[in-house]
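Just so you know, these numbers come straight off a predicted model, no measurement behind them. Residue numbers begin at 1 in each chain, while the letters A, B, ... track the order of the sequences.
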Protein chains: 2
Amino acid sequence: MNRRDRYSGDLELFELLEKLGELTDATGIPELLGRLLDIYGLKTVAYLGSGVTAQPGQSPYLAVTYSNEWVDHYKAQRFVDIDPTVQIGMRRMLPIDWDEFDRADEDVRRLFGEAKEFGLGRRGISLPVHGQHGDRALVSITSDASDRDWRYLRLHYMRDFQMLALHMHQAILRLEGKTVEQARLSPRERECLLWVAEGKTAWETAVILGLSEHTVRCYLESARHKLGAANNTHAVNKAGKASLLTQLP
Amino acid sequence: MNRRDRYSGDLELFELLEKLGELTDATGIPELLGRLLDIYGLKTVAYLGSGVTAQPGQSPYLAVTYSNEWVDHYKAQRFVDIDPTVQIGMRRMLPIDWDEFDRADEDVRRLFGEAKEFGLGRRGISLPVHGQHGDRALVSITSDASDRDWRYLRLHYMRDFQMLALHMHQAILRLEGKTVEQARLSPRERECLLWVAEGKTAWETAVILGLSEHTVRCYLESARHKLGAANNTHAVNKAGKASLLTQLP
DNA sequence: CGTAAATCCGGCAGATGCGCCGGATTTCGA
DNA sequence: TCGAAATCCGGCGCATCTGCCGGATTTACG
């Protein structure tokens, strides 16, 4: 909790954000994370991205300041299945303090106990990030700060962390080259797809929209073509991730 | 740009966040937005939510400090179709300054020109918010601040706005009672659904997973039941919105 | 120690999806 | 003024999905 007591310390956040925006390849990430630790007096920081790469069923994207030993141990123990930061944090919208997790659970206690041995801080926060295309990430920081410093950190720098998490995810997306070719669906196509996504059959959709069943099938067909989808299910999934189904234009 | 020059001004942000968390019904929102304008010296603030309510094809959720005249005029002119804050802002992850929009476009110039007449500020920022279930929102603020003050506001309070936008969306979701019953899918069920979502047939999925086609159909059937879905397409849509398809657990 | 859930397998009838054939008018921008 | 795209409509054959019948073992939890 140094250097940041003056308001002008904001400059260091801007510096980080700028560097994130200028990253050209993943090799610069570790240094950036290290700088982040420095600035905020943290013990560790970790980025876990899901749906960041193009292929489905891919393993998640990881960028951490943890030791390799901890990462290996974590994987070997399949901690991801019980880790509340992942299990709960990934399913939230707002950040969560690790203190809120259930320490009565023996598995959880073991996880955090071993984490500490491997160099993670006693306290932590996880910040979920939601991207536009179903991609999401979890940025977790840990610290060994005193109660007082930790409270201070949470109060005054949560915003910074929120912003850093967002920009970090954006940077990773840019580096991973996940570009989504935004197919443009016509209003009718979108409308038909929307109702099909709700489980309606072509006939039901036709009734809802006051069209003939055949017309609905035609719209669905062209929607599939535009989206490069193999079937309606695929099309709904693609359109959903491209947020083409959330009404509006 | 008053009252906030001291660092302790943070208290006002916390006060807003706390009030947002304590909202019990929508009637308290206008007062809260007004308080926000006061604190940051803004001209207007607007919340536009999409996918916030349960029904599909619903009109978006709106909470603004604009005059009713502007809202009516906006709707009558169908400005939503050309409004870059919606068209572009809603499709981004990071905030965008209204200065970045194409002022060469005649429609856009007309929109912002008329907006100013109806009491919106000259400058603006829109902050996209992405929820967990395909829901999203756009929080837009405007100001008539001088160039210098505006730059200052952007630099130092973007974090606050980001956080306010997030918490505002969370509060609206809570008020609108959009609760997603988290069905728990077994690993196999999720896996099958994942590949079906990628456009694979049951047979293809069976080959990929090394199962019999019939077994895949069984998993899909139970997945549909658990999700309360009418068919695979519906199931994929529901599971996707519940982020059950983003591998990991 | 029973119960529940997860993991697997087979078959069948009817509904639905899918692709491709044909046709039409209107609208909008180049 | 020409063409492209959006809006509509009908039919046919085959592939796939869906629901429901039956069976099995293993694992975990109380």
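Picking from D:dT18, C:dG17, C:dG10 the nucleotide with the shortest atom distance to the side chain of B:Ser212 gives C:dG10. Nearest nucleotide to the A:His214 side chain, out of C:dA6, C:dT16, D:dG11: D:dG11. Across C:dC18, D:dT18, D:dT16, the shortest atom-to-atom separation from the side chain of B:Arg224 is found for D:dT18.
Here the straight-line distance linking atom OG of B:Ser126 with atom CG of B:Leu138 works out to 4.5 Å at 0.5 Å rounding. Within the model, atoms CG of A:Leu120 and NZ of A:Lys43 stand 7.5 Å from one another, a figure rounded to the nearest 0.5 Å.
Taking the C1' atoms of five terminal pairs at each end of the helix from C:dC1-D:dG30 to C:dA30-D:dT1, the two resulting helix axes are inclined by 70°, rounded to 10°.
The side chain to side chain contact (heavy atoms under 4.5 Å, CB included) test applied to B:Glu213 returns B:Ala202, B:Trp203, B:Ala206, B:Arg217, not counting sequence neighbours. Residues that satisfy the ring pair (Phe, Tyr, Trp, His ring centres under 6.0 Å) test with A:Tyr74, not counting sequence neighbours, are A:Trp70, A:Phe79. Partners of A:Arg92 according to the side chain to side chain contact (heavy atoms under 4.5 Å, CB included) rule, which considers only residues two or more places apart in sequence or in another chain, are A:Ile88, A:Leu94, A:Ile96, A:Pro128.
Salt-bridge annotation for A:Arg123 and A:Asp99: present, with a side-chain N of the basic residue lying under 4.0 Å from a carboxylate O of the acidic one.
Residue contacts for B:Ala230: at a heavy-atom cut-off of 4.0 Å it reaches the sugar-phosphate backbone alone, with no base atom in range. No contact: B:Leu220 has no heavy atom under 4.0 Å from any strand. Within 4.0 Å (heavy atoms only), A:Thr215 reaches at least one base atom of the nucleic acid.
Look at B:Asn231 and you won't find any side-chain N or O under 4.0 angstrom from OP1 or OP2 of C:dT16.
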At a cut-off of 3.5 Å, list every protein nitrogen or oxygen paired with a nitrogen or oxygen from nucleotides 27-30 of chain C, distance to 0.1 Å.
none

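Using a 4.0 Å cut-off on heavy atoms, the residues of residues 202-209 of chain B that approach DNA chain D are B:Ala202, listed by number.
Residues A:Lys200 and A:Glu221 both approach DNA chain C. Their nearest nucleotides, taken by heavy-atom distance, put A:Lys200 toward the 5′ side.
In this structure a side-chain-to-backbone donor-acceptor pair under 3.5 Å is missing from A:Asp97 to A:Glu100.
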Open item on the list: Does B:Thr142 form a side chain to side chain donor-acceptor pair (under 3.5 Å) with B:Thr44? I'd like the steps, not just the answer.
Closed with: CA-CA 5 Å; B:Thr142 70; B:Thr44 66; 2.5 Å; yes
